[in-house]
Asker: 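One structure coming up, written as structure tokens, with questions to follow.
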Number of protein chains: 2
Amino acid sequence: MFTKVLVVEDLDTVGYGISMMMKKELGIARVELTQYCDEAYLKLQKAQHDNQPFQLLITDLSFAQDHRPLQLDSGQALIEKIRDKDKDLPIIICTVEENPTMANQFIKANKISAYVLKGRDGLKDLKEAIQAVFSGHRFVSKKIAQQSNGQFAFEIEDYDVSLLLHLSHGLSQSQIARLFTNKGISPSSLSSIEKRLNRLKDVLKANNNVQLVANAKDLGLI
Amino acid sequence: MFTKVLVVEDLDTVGYGISMMMKKELGIARVELTQYCDEAYLKLQKAQHDNQPFQLLITDLSFAQDHRPLQLDSGQALIEKIRDKDKDLPIIICTVEENPTMANQFIKANKISAYVLKGRDGLKDLKEAIQAVFSGHRFVSKKIAQQSNGQFAFEIEDYDVSLLLHLSHGLSQSQIARLFTNKGISPSSLSSIEKRLNRLKDVLKANNNVQLVANAKDLGLI
DNA sequence: CACTTTTTTACGGAAAACCGTAAAAACACT
DNA sequence: AGTGTTTTTACGGTTTTCCGTAAAAAAGTG
């Protein structure tokens, strides 16, 4: 089994639970814990430099903001940064976010070894995942794996999200049109924006803009 | 210190962390853990019946859905049910939801003793909260307490919430007016609904209905 | 290039939201 | 009952959303 692992998790309740499980149930001697991505990256570098590198990284995706100014504000950013230099360190994502799209992408691009969903059996899943990764395998929590097959792979891109965000911030459709025109974002006409919103209303089963942003918020899209 | 505590938490990572902390750092001998509100209620009843009642309940607010059919689908429901019979059991809410409104209401109505936010220092807060509650005091996490000062907690009543809910479900203002008229809810005229929404827009700093429901969702009002 | 297909834009009319002002009704108080 | 206050309702005008249809532009194809 691994003997030196780094856990990146902002919620201390969760971090405590995870590291305790690893020590008690998997017998991992050195479990280090940090609540910030920046700090995690520094720890990894230092360990490398000291010739005592970590053998596994377990990280959350989203992190609550803080007083501290941060370079790396998400698990995603942390992973990208690590992969710039180190292609081999096994990484496990452990998150509440049901995001099959990015799970797929990251697994396929060999950027992560496992995607664990913090559900009712999150800890059990994580234990399995660690064992699988140690044996050189991949692991994806059931719920995510199911969704990945079902083509729920969303047809919603960044453009749509930004549209929804602006709406939720109180901008009118025409204001957004002007904004996009100025910023050189295309499509930018009022018509196109209406059309895009109609498609979104279709996908998210909404009658009007109000319900649209409500549903988008429920799905965690914005 | 308490000697017998029940923890209701669907995410096993969190539940594990909390119960470990309580055993190790607070020396609480009996920490029982359940992932379902229904089961929690049964456990409380059984313990009472066996003359070995729990001295403290720690519960989450939101619970992921499951295959199981549930009577009590939220921490809120669980608390209400408990308070029907038992007014004395100390209850601590421990959640990620930043909902100062309900924190206030529940604290004021004497329904809970503490509201702990699962943030970076959630576990630390929880420890403090348990100690405070044991000494007969209340406890509310800093972030929530700060927001509670924001005065709107009081100016928003059930009528407003139902208004916002209907909006978020895609009803137009006139549809809501008709609905309220039929149901005999007053005020029910389109004008009054507009007026009420304008007040809400003022309080929640929104330009239009879209931003209004977005903000209401952010605040956990709906 | 000529052609089809898709994407973006334009426009017009109906519905709804938005924003005043003001009357009517309900309430409170003496 | 009479007065003042608050709440509810009514209504008109303007803006924005909503929902078609259709032209213009861009992209894809043989």
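To find a chain, count down the sequence lines: A is the first, B the second, and so on, and within it residues start at 1. Computed over heavy atoms, backbone and side chain alike; hydrogens, waters and symmetry mates excluded.
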Asker: Return each pair, listed once, that meets ring pair (Phe, Tyr, Trp, His ring centres under 6.0 Å) where at least one residue sits in residues 184-208 of chain B; pairs must be two or more places apart or across chains.
Answerer: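 Qualifying pairs, neighbours excluded: none.
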Asker: Using whole Å, what does the distance between atom P of nucleotide D:dT17 and atom CG of A:L163 come to?
Answerer: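 So the CG-P distance, A:L163 to D:dT17, works out to 11 Å.
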Asker: Using the salt bridge (Lys or Arg N to Asp or Glu O under 4.0 Å) rule, collect all pairs that involve residues 89-106 of chain B, keeping only residues at least two apart or in two chains.
Answerer: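 Every pair satisfying salt bridge (Lys or Arg N to Asp or Glu O under 4.0 Å) with a residue in residues 89-106 of chain B: B:E98-B:K143.
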Asker: Expected output is a numbered-order residue list: members of residues 165-190 of chain B with a heavy atom under 4.0 Å from any atom of DNA chain C. What is it?
Answerer: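 Residues of residues 165-190 of chain B that come under 4.0 Å of DNA chain C are, in numerical order, B:S172, B:Q173, B:S174.
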Asker: Show every salt bridge (Lys or Arg N to Asp or Glu O under 4.0 Å) that has at least one partner inside residues 122-131 of chain B, sequence neighbours left out.
Answerer: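 Checked against salt bridge (Lys or Arg N to Asp or Glu O under 4.0 Å) - neighbours excluded - the pairs reaching residues 122-131 of chain B are B:E25-B:K127, B:D121-B:K124.
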Asker: Can you tell me if the side-chain N/O atoms of A:N198 get under 4.0 Å from OP1 or OP2 in D:dC18?
Answerer: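 So the side-chain polar atoms of A:N198 never come under 4.0 Å of the phosphate oxygens OP1 or OP2 of D:dC18.
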Asker: Under the salt bridge (Lys or Arg N to Asp or Glu O under 4.0 Å) rule, collect the residues that match up with B:K43, sequence neighbours excluded.
Answerer: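 By the salt bridge (Lys or Arg N to Asp or Glu O under 4.0 Å) rule, B:K43 matches B:E32.
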Asker: Can you tell me how far P of D:dG20 sits from CG of A:D202, to the nearest Å?
Answerer: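 Nearest whole value for this atom pair: 12 Å.
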Asker: Taking any atom closer than 4.0 angstrom to a non-hydrogen atom of chain A, what span of DNA chain C does the protein reach, first nucleotide to last?
Answerer: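 So the outermost contacting nucleotides come out as C:dT8 to C:dC11.
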Asker: Over the length of the helix from C:dC1-D:dG30 to C:dA17-D:dT14, how much do the five-pair end axes diverge, rounded to 10 degrees?
Answerer: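 Answer rounded to 10°: the end axes differ by 20°.
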Asker: I need the full list of ring pair (Phe, Tyr, Trp, His ring centres under 6.0 Å) pairs touching residues 175-194 of chain A, with sequence neighbours left out, sorted by first then second residue.
Answerer: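 The answer is A:Y159-A:F180, A:H166-A:F180.
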Asker: Please name all residues satisfying side chain to side chain donor-acceptor pair (under 3.5 Å) with B:K81, sequence neighbours left out, ordered by chain then number.
Answerer: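 Result, side chain to side chain donor-acceptor pair (under 3.5 Å) vs B:K81: none returned.
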Asker: Check each of A:I18, A:V8, A:V14, A:D10 against A:D60 using the side chain to side chain contact (heavy atoms under 4.5 Å, CB included) test, and report the only one that passes.
Answerer: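 Of the listed options, the one satisfying the test is A:D10.
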Asker: Find the distance B:N209:CG to D:dT17:P and express it as a whole number of Å.
Answerer: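 It is 11 Å, rounded to the nearest whole Å.
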Asker: How do B:R196 and B:N208 order along DNA chain D: which one's closest nucleotide is nearer the 5' end?
Answerer: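 Residue closer to the 5' terminus by nearest nucleotide: B:R196.
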Asker: Residues two or more places apart in sequence or in another chain: which of them pass side chain to side chain donor-acceptor pair (under 3.5 Å) with A:S174?
Answerer: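 With neighbours one apart ignored, the set is A:S172.
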Asker: What is the separation between atom CG on A:N207 and atom C1' on D:dC19, rounded to the nearest whole Å?
Answerer: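 Result: 13 Å.
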Asker: Provide the full list of salt bridge (Lys or Arg N to Asp or Glu O under 4.0 Å) pairs with a residue in residues 181-197 of chain A, sequence neighbours left out, each pair given once.
Answerer: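 Sorted result for residues 181-197 of chain A: A:E157-A:R196, A:D160-A:R196.
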Asker: Which value, rounded to the nearest 0.5 Å, describes the distance between B:L44 atom CG and B:L78 atom CG?
Answerer: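 Here the interatomic distance stands at 7.0 Å.
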Asker: Rounded to whole angstroms, how far apart are CD1 on A:I193 and C1' on D:dT16?
Answerer: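 To the nearest whole Å, that distance equals 14 Å.
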Asker: Please, which pairs that meet ring pair (Phe, Tyr, Trp, His ring centres under 6.0 Å) have at least one residue in residues 71-118 of chain B, sequence neighbours excluded?
Answerer: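 Output for this query is empty, none listed.
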